[in-house]
Amino acid sequence: MFEDIRLSAAIAAGKAAGLASRVLGRGGGTTLPGVVARRLDPSVLRRLATRLPDGTVIVAGTNGKTTTTRMLASILEVDGRRVLHNRAGANLLSGLTSTVLDGASLRGKLGAQIGLFETDEAALPDVLGETLPRLVLLHNLFRDQLDRYGEVDTIARKWRVALEQLPATSTVLLNADDPATADLGMGLRAQVQYYGLEDTRHGGGATNMADSQFCQRCGAPYHYSTTFYAHIGHYTCPGCGHSRPAPQFRLERLELDGTQASRLLITYPGGALDFTLPLPGLYNALNALAAIAATIKLGAKPAAARNTLERFSAAFGRIERIDAGGQPLFIALIKNPVGASETVRMLTQASAVAQPTTDDQSTIRPQPSALSPQPSALFQPPAPGLDLLIAINDRHADGTDVSWLWDADFEQLAGSARQVLVSGTRAEDMALRLKYAGVDPTRIGVEPTLAAALDQALAQLPADQTLYTLPTYTAMLELRQELVRRGWARPFWED
Amino acid sequence: MIRIAHLYPEHMNIYGDRGNIIALSQRCHWRGIETQLVPVGIGSSIDWGKIDLAFFGGGQDSGQALIARDLVTRLGASLKAAIDDGLVVLAICGGYQLLGHYFLTHTGEKLPGIGAMDLHTVGGTKRMIGNIVVETEGLGLGARGWGLGAKRSSGGVPSSQPLTPSPLLVGFENHSGQTYLGPGVQPLGRVLAGFGNNGEDGSEGAVYQNTIGCYMHGSLLPKNPQLADELIRRALLRRYGRAELAPLDDTLELRAQQAMIARVTR
C-alpha cells in the first residue's frame, strides 16, 4: 500500500514537472519528469515497465538506433499494437522513465501494450536491469564521443556483463556484420538471432575507422572477404576459425538510388519481402533490415512492415527534407566518424550519379534496375557539385572532443563540393579539416553563428539546387529551432 | 622526398591521430615535397635508416596491449638506437607512453616500454579529459632548437588579430595515465589550460633529441602548423643537410588555433 502511494506520488510529481516545463516554454519536457519521479521512487521505471502486457523492446547501437526504433514503432502501430515509444529521442534512464510516465495514469495504469525504447550506449546496462526486456536489438558499435563513452571495447565489455543476466525467455538480436555486436552472442542464456547484409556488391567502403577488427576470442586480426564500411562486413578469424555467424534475417539484394530511396529484398525463415524504402544510403537499408528482423521476432505481420516502410520518413533531423521558403533543404545528422563518412559517401555517390560527364554518359547515368520500377523523381537534374552547410558543435551532447573529424572520410568531398559553409562552435576546426581533405579553400566559408550561416548558404544557393546540411546533434536542434522560428518546420515534440 | 613511418596504424588509430599523418603529407605535398608513407604493423620489418619521420598515435587499451609486446621485443632496440641517433619522431598518448621506461598499472604490474625517453607512466583512476593549451616558450626548447615561433601573439578576437606563428600548442587530451619525466628529457611545454603529463607538475609532453612525445590529440599538427613544419624541416635537414620550407597560407590553421586559445585562456 505504501509502495503504491509512493509510486502514485512519483507519477504525479513527474507529470507536474513535465507540464510546468512545457508551460514555461522549456521544450517538450522529455527528461525532467523522469528525473523528478525517480527521485521520489527510484523503482518507478521498473514497476511501470514490467506492467506492459507485451513487454519491452530495447534498441541500442552507435548509429541508426533512432531511425530503427522509429521504423519498428510505426510497423507495430500499423500491425495494431498500442506502443509506448521514446519518440523524442530522450534515451537515458530519465528519458525512458519520462516516456513511461507520459503513458501512465496517476494510478500507474498503462494504455500501451508494448514498450519500445531506443537506449544510449552507456545507459544500456542499467536499462536492461530495470526493464527486463523481451527483445534486445544491438545494431552496431563504433567509436563515438570517446570523451564521454570511452573506448569501444570498454562499452562492449559492459554490454556483455548486462546481457549475461538476461533469462532464456529474452531474445537478443544482433548485427552479424559487426563483430563488436555479433561476438556478444556467444555464451548467453537468452535466445540469440542474427541479421546481416548478403549483397557483397556493396563492399569497398572506408576502412580506416575499424574499431573491432581483432578476434574477440584469440586477438588475431579478422580476415575480411568483404568490408561494407568501417568494421562492418564478412569476416573470419585465421587464428581460431571463429567467423561471422550465418544470419537468419538476410538483406539479399540492395539497390541504392541516390539521396532518395533504396530497393530491398529481405529473406527470413519462412518468407521474403521486396520493397522500396524512401530513404537513401546503405546504413538506412541496414536500419530497415534490423527493424524487420525485430518485427518478425515480435510476431507482427511482415506485410505491415513492408507497407509501413514503403512510406516511412525518418526522425527529425536524421534525414529530413524541408522547404526553406522555396529552397530545398536536406538535413542529415552527423555525430561520429563512421556515420559522417557514410552520409558523405551517400551524398557524393548521389551527386556523381546526378552529374553525367559529356564524354561518358552511358556508364555514369543511373541504370534503373530490373528490381526497381523508377519513379522519375528519383533522379535530379545534373549539377556541378554539392552545396553544403556543415555545423560542428562541441557541447556535452555532441562530445567535447572534435578529434573525430580527422577520422571521418571528408576526402570524398574534395572533388564534389561546390560551396561549403562551416558553422558551429568548432567551425574553424571543420574548415581546417576540409582544407586538409583537399577541398579548395576558396570554396570554404566560415560563419560560426548558425542562423547567419543559414542565411548565407541559402543566399548563395543556385536555383534548383538543394542545400545539404550536416549538423552535429546540438547544431541540428539549433538549426531546427531556427527553421521552426521561420515557419519552415514543426517543433520536434510535435513530430 | 621524405619517408614517414606510421607505427601500428591498425591498432593505434583512434582519437583522430590520423590527422597528423594527413597534415604532414599535405604540407609536404603543397610544397612539392614528395612523401612516402610506410605502415609498420605487427611483424613488419623496418629499416630505420630509410625513415625520415615516424609517427606513433594512441589506441584502445586492448590495441595497445596487443602491439606492446611486438614493439618492445622486436623493434624496441632498433627504434631506441634510431631515436638516439636523431630520428624525427612524434608520439602521442599510448605511443608516447611506450617510448618511456615502463607503465605501472594500478594493480602494480610493470609493463615495459622501449626506454627511448627518460620517463615513466603510472596508471591513474581519474581520466584527464578536455581541451589543452601548452606554452612552449622559455623551457629550454629554444636552446635545443625547438623554437616554435618567436613571440607570443596577444590572443583576443581571432579574426581581428594579425595571425602570427605562436609558441602555443592547442589540443585535446584524454588519458588516465600519469607520466613523470626524468632528467634525460625536457618537457615540451608548460600547461596553460588542461592537465598535461600528470595533472600535477604543470608540464606537458617530453622532448629528447628530435623526438617529441605528448598527450595532445585534436589532431595536433593541423592546428599547430608551426610544429608540423618544424618536424618536416628537421626530417629534411637530417637527410639532406639543408631544409628550406616555402611559406604556406596558414590563415585557416592559425584561426582554428587562436579560436581555441581565446576560448580556453580567457
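Atoms considered below: every heavy atom in the structure, side chains included; atoms not considered: hydrogens, waters and symmetry mates. Quick note on labels: first sequence line is chain A, next is B, and so on, each numbered from 1.
- Looking only at atom types and distance, the side chain of Arg143(A) has no donor-acceptor partner in the side chain of Tyr15(B) under 3.5 Å away.
- Considering every non-hydrogen atom in both Phe172(B) and Thr400(A), the closest pair reads CE1-O, 3.3 Å.
- When all heavy atoms of Glu411(A) and Ile22(B) are compared, the pair lying nearest together is OE2-CD1, 3.8 Å.
- Checking side-chain atoms of Ser403(A) against main-chain N and O of Gly218(B) turns up a donor-acceptor pair under 3.5 Å.
- In this structure, Lys223(B) and Leu432(A) approach most closely via the heavy-atom pair CG-CD2, 3.5 Å.
- Residues His217(B) and Trp406(A) fail the side-chain proximity criterion, which asks for heavy atoms closer than 4.5 Å.
- Leu66(B) touches chain A through its side chain: at least one heavy atom from C-beta onward sits under 4.5 Å away, while N, CA, C and O do not.
- For a heavy-atom cut-off of 4.5 Å, chain A lies close to no residue in residues 34-43 of chain B.
- Proximity to chain A is limited to the backbone of Asp249(B), based on heavy atoms less than 4.5 angstrom apart.
- In this structure, Gln257(B) CD and Asp429(A) CG are separated by 11.0 Å, a value rounded to the nearest 0.5 Å.
- Note: Gln60(B) CD to Asp153(A) CG = 3.5 Å, rounded to the nearest 0.5 Å.
- Most heavy-atom pairs under 4.5 Å with chain B: of the set Thr154(A), Val402(A), Val446(A), Leu405(A), this distinction falls to Val446(A).
- Comparing Gly19(B), Pro222(B), Ala256(B), Gly59(B) by heavy-atom pairs within less than 4.5 Å of chain A, the highest count is held by Pro222(B).
- Using a 4.5 Å cut-off on side-chain heavy atoms (C-beta onward), Arg433(A) and Leu252(B) make no contact.
- A 6.0 Å sphere centred on CZ of Arg69(B) holds no more than 12 heavy atoms belonging to other residues, nucleotides or ligands.
- Glu428(A) contributes no side-chain N or O that, together with a main-chain N or O of Arg255(B), makes up a donor-acceptor pair within less than 3.5 Å.
- A heavy-atom distance below 4.5 Å is found between the side chains of Arg426(A) and Met260(B).
- Smallest separation of non-hydrogen atoms from Arg27(B) and Tyr436(A): NH1-OH, 2.9 Å.
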